Amino acid sequence: MIIPVIDLMNKQCVSGKSGNRNTYTKLKSIYGDNPISITQNLKNNGAQLIYVADLDKIENKGDNTELISQINNVLPVLLDNGISNLSDINNKNICAYHILATETMESIEETTNIFKNIDNKKLVISVDIKNNELLLQNKNIKLDDIIQLINNVNPQYTILLNISQVGTKKQNENLIIKKIIQETPNTIHILGGGITNEAIKKYKQEGIDNFLIGTILHEGNLKYKL
């Protein structure tokens with residue numbers, strides 16, 4: 001499945017490279033010029049899900065909650081809005097899936113607690129990688145801890161997001177991603193970050209079929225159907 005990506009900042013879709021959010025500019029997309037029209041056109045072209053990152057909420061600079069709820073009424077949303085603990089999920093109906101990302105994860109214990117209190121069919125773990133290292137709020141969390149967490153809570157989906165490659169249209173093999181794929185066999189892996197048509201072809205040959213696609217999709221260069 002191809003899952004389109006939009007990043008929201010100040011109620012606009014934005015784009016940038018390598019997670020350097022202070023340099024992001026308004027997204028130029030063949031699907032439209034505002035979040036709702038882009039989402040509707042993606043749906044019209046066959047999209048089944050949409051990944052939304054609320055950059056304002058992740059960086060504690062505001063939020064785009066109302067807009068995200070409107071997007072979710074058009075297409076089911078996989079939402080990363082900076083969840084750290086259970087109390088951060090104060091609107092369970094804003095999206096189809098809440099993403100628990102390592103970038104904002106408070107602790108393994110608190111993430112396990114979230115899974116105990118929220119339907120795990122609505123929860124997705126995102127392993128965020130930057131500069132070939134785990135991107136973590138809690139520096140005490142190790143890769144093996146994340147792998148054990150995934151195997152213990154059994155999320156339906158696990159996102160493996162190489163933030164360094166976002167917007168670069170480059171996909172290099174990453175040893176962290178490779179290790180997680182090998183050691184977490186009971187979750188469906190979704191790969192993101194600089195995914196190219198060539199990378200999709202390669203990963204499909206390895207049995208991976210789910211991808212977060214931003215840049216080449218919005219440019220009109222994606223060779224695969226939504």
Side-chain angles (χ1 to χ4, degrees), residues 3 5-9 18-21 49 51-65 68 77-166 174-193 210 212 214:
I3 303 171
V5 171
I6 57 173
D7 292 337
L8 296 179
M9 187 182 292
S18 307
N20 298 317
R21 293 169 184 155
L49 286 174
Y51 173 102
V52 177
D54 186 345
L55 303 184
D56 293 320
K57 191 75 164 58
I58 290 170
E59 297 191 341
N60 296 310
K61 295 179 178 178
D63 70 72
N64 297 277
T65 298
I68 293 164
V77 169
L78 278 159
L79 176 62
D80 183 358
N81 65 344
I83 293 171
S84 293
N85 51 58
L86 182 60
S87 64
D88 286 334
I89 309 179
N90 51 26
N91 186 343
K92 297 182 178 66
N93 299 316
I94 187 178
C95 60
Y97 299 93
H98 297 275
I99 293 173
L100 310 180
T102 60
E103 179 182 2
T104 55
M105 190 177 289
E106 184 177 290
S107 67
I108 296 294
E109 292 74 20
E110 182 57 22
T111 302
T112 302
N113 183 47
I114 294 171
F115 270 88
K116 288 179 179 177
N117 285 276
I118 304 290
D119 181 0
N120 71 354
K121 293 180 181 178
K122 292 196 68 173
L123 297 174
V124 174
I125 290 177
S126 178
V127 183
D128 302 331
I129 298 159
K130 194 170 184 180
N131 300 325
N132 292 313
E133 295 180 348
L134 288 176
L135 182 58
L136 299 163
Q137 173 179 278
N138 182 345
K139 301 299 183 183
N140 292 320
I141 296 174
K142 307 301 181 187
L143 177 56
D144 285 344
D145 298 327
I146 295 295
I147 290 171
Q148 185 175 357
L149 171 69
I150 294 168
N151 288 328
N152 285 344
V153 300
N154 287 317
Q156 181 178 0
Y157 296 109
T158 297
I159 294 169
L160 305 175
L161 181 58
N162 193 334
I163 292 174
S164 295
Q165 294 182 341
V166 166
N174 183 278
L175 294 178
I176 295 175
I177 290 175
K178 189 174 182 180
K179 178 178 173 69
I180 294 172
I181 290 172
Q182 289 175 340
E183 298 188 17
T184 57
N186 299 318
T187 185
I188 298 170
H189 301 104
I190 302 173
L191 300 191
N210 299 282
L212 300 179

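Since the structure is predicted, the reported quantities are computational estimates derived from the model, not experimental observations.
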If you take all heavy atoms of [X] and [Y], which pair is closest and at what distance?
X	Y	value
Asn132	Asn174	OD1-ND2, 3.1 Å
Glu106	Gln137	CA-NE2, 3.5 Å
Gly82	Ile58	N-CG1, 3.5 Å
Ile176	Ile129	CG2-CD1, 3.8 Å
Leu8	Val52	CD1-CG1, 3.7 Å
Val5	Gly214	CB-CA, 4.1 Å

Nearest 0.5 Å, what's the [atom1]-[atom2] distance between [X] and [Y]?
X	Y	atom1	atom2	answer
Leu123	Thr158	CG	OG1	11.0 Å
Lys121	Tyr97	NZ	OH	10.0 Å
Thr111	Ile141	OG1	CD1	6.5 Å
Leu49	Ile3	CG	CD1	5.0 Å
Asn162	Leu191	CG	CG	10.0 Å
Ile125	Ile190	CD1	CD1	12.0 Å

- prompt: Is there a side chain to side chain donor-acceptor pair (under 3.5 Å) between Asn64 and Asp56 once you walk through the steps?
  reply: CA-CA 7 Å; Asn64 297 277; Asp56 293 320; 3.0 Å; yes
task: Would you confirm whether His189, through its side chain, and Ile177, through its main-chain N or O, come within 3.5 Å as a donor-acceptor pair?
output: no
task: Mark yes or no for whether Thr102, through its side chain, and Leu135, through its backbone, hold a donor-acceptor pair below 3.5 Å.
output: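 Yes; judged by distance alone, with no hydrogens or angles, the pair exists.
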Heavy-atom side-chain proximity of [X] to [Y] below 4.5 angstrom:
X	Y	answer
Ile146	Ile108	yes
Glu110	Asn113	yes
Pro155	Ile150	yes
Ile89	Asn117	no
Leu161	Asp80	no

task: Please report the C-alpha distance between Asn120 and Val153 in whole Å, then the side-chain angles of each, then the deciding distance to 0.1 Å, and finally whether the side chain to side chain contact (heavy atoms under 4.5 Å, CB included) criterion is met.
output: CA-CA 8 Å; Asn120 71 354; Val153 300; over 6 Å; no
message: Please determine whether side chain to side chain contact (heavy atoms under 4.5 Å, CB included) holds for the pair Ile83 and Ile114, giving the CA-CA distance in whole Å, both sets of side-chain angles, and the decisive distance to 0.1 Å.
response: CA-CA 10 Å; Ile83 293 171; Ile114 294 171; 4.1 Å; yes
- prompt: If you look only at pairs with a residue in residues 141-154, which of them pass as a side chain to side chain donor-acceptor pair (under 3.5 Å), with sequence neighbours excluded?
  reply: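 For residues 141-154: none.
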query: Taking it one step at a time, do Met105 and Leu149 satisfy side chain to side chain contact (heavy atoms under 4.5 Å, CB included)?
result: CA-CA 12 Å; Met105 190 177 289; Leu149 171 69; 4.2 Å; yes
- request: Return yes when atom CD of Glu133 has more than 12 non-hydrogen atoms of other residues, nucleotides or ligands closer than 6.0 Å, and no otherwise.
  value: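 Check fails, neighbour count at 12 or below.
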- request: Could you list the residues that satisfy ring-ring contact (aromatic ring centres under 6.0 Å, His included) with Phe115, not counting sequence neighbours?
  value: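 By the ring-ring contact (aromatic ring centres under 6.0 Å, His included) rule, Phe115 matches no residue at all.
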- request: Give the C-alpha distance, both sets of side-chain angles, the deciding distance and a yes or no for side chain to side chain contact (heavy atoms under 4.5 Å, CB included) between Asn81 and Asp63.
  value: CA-CA 8 Å; Asn81 65 344; Asp63 70 72; over 6 Å; no
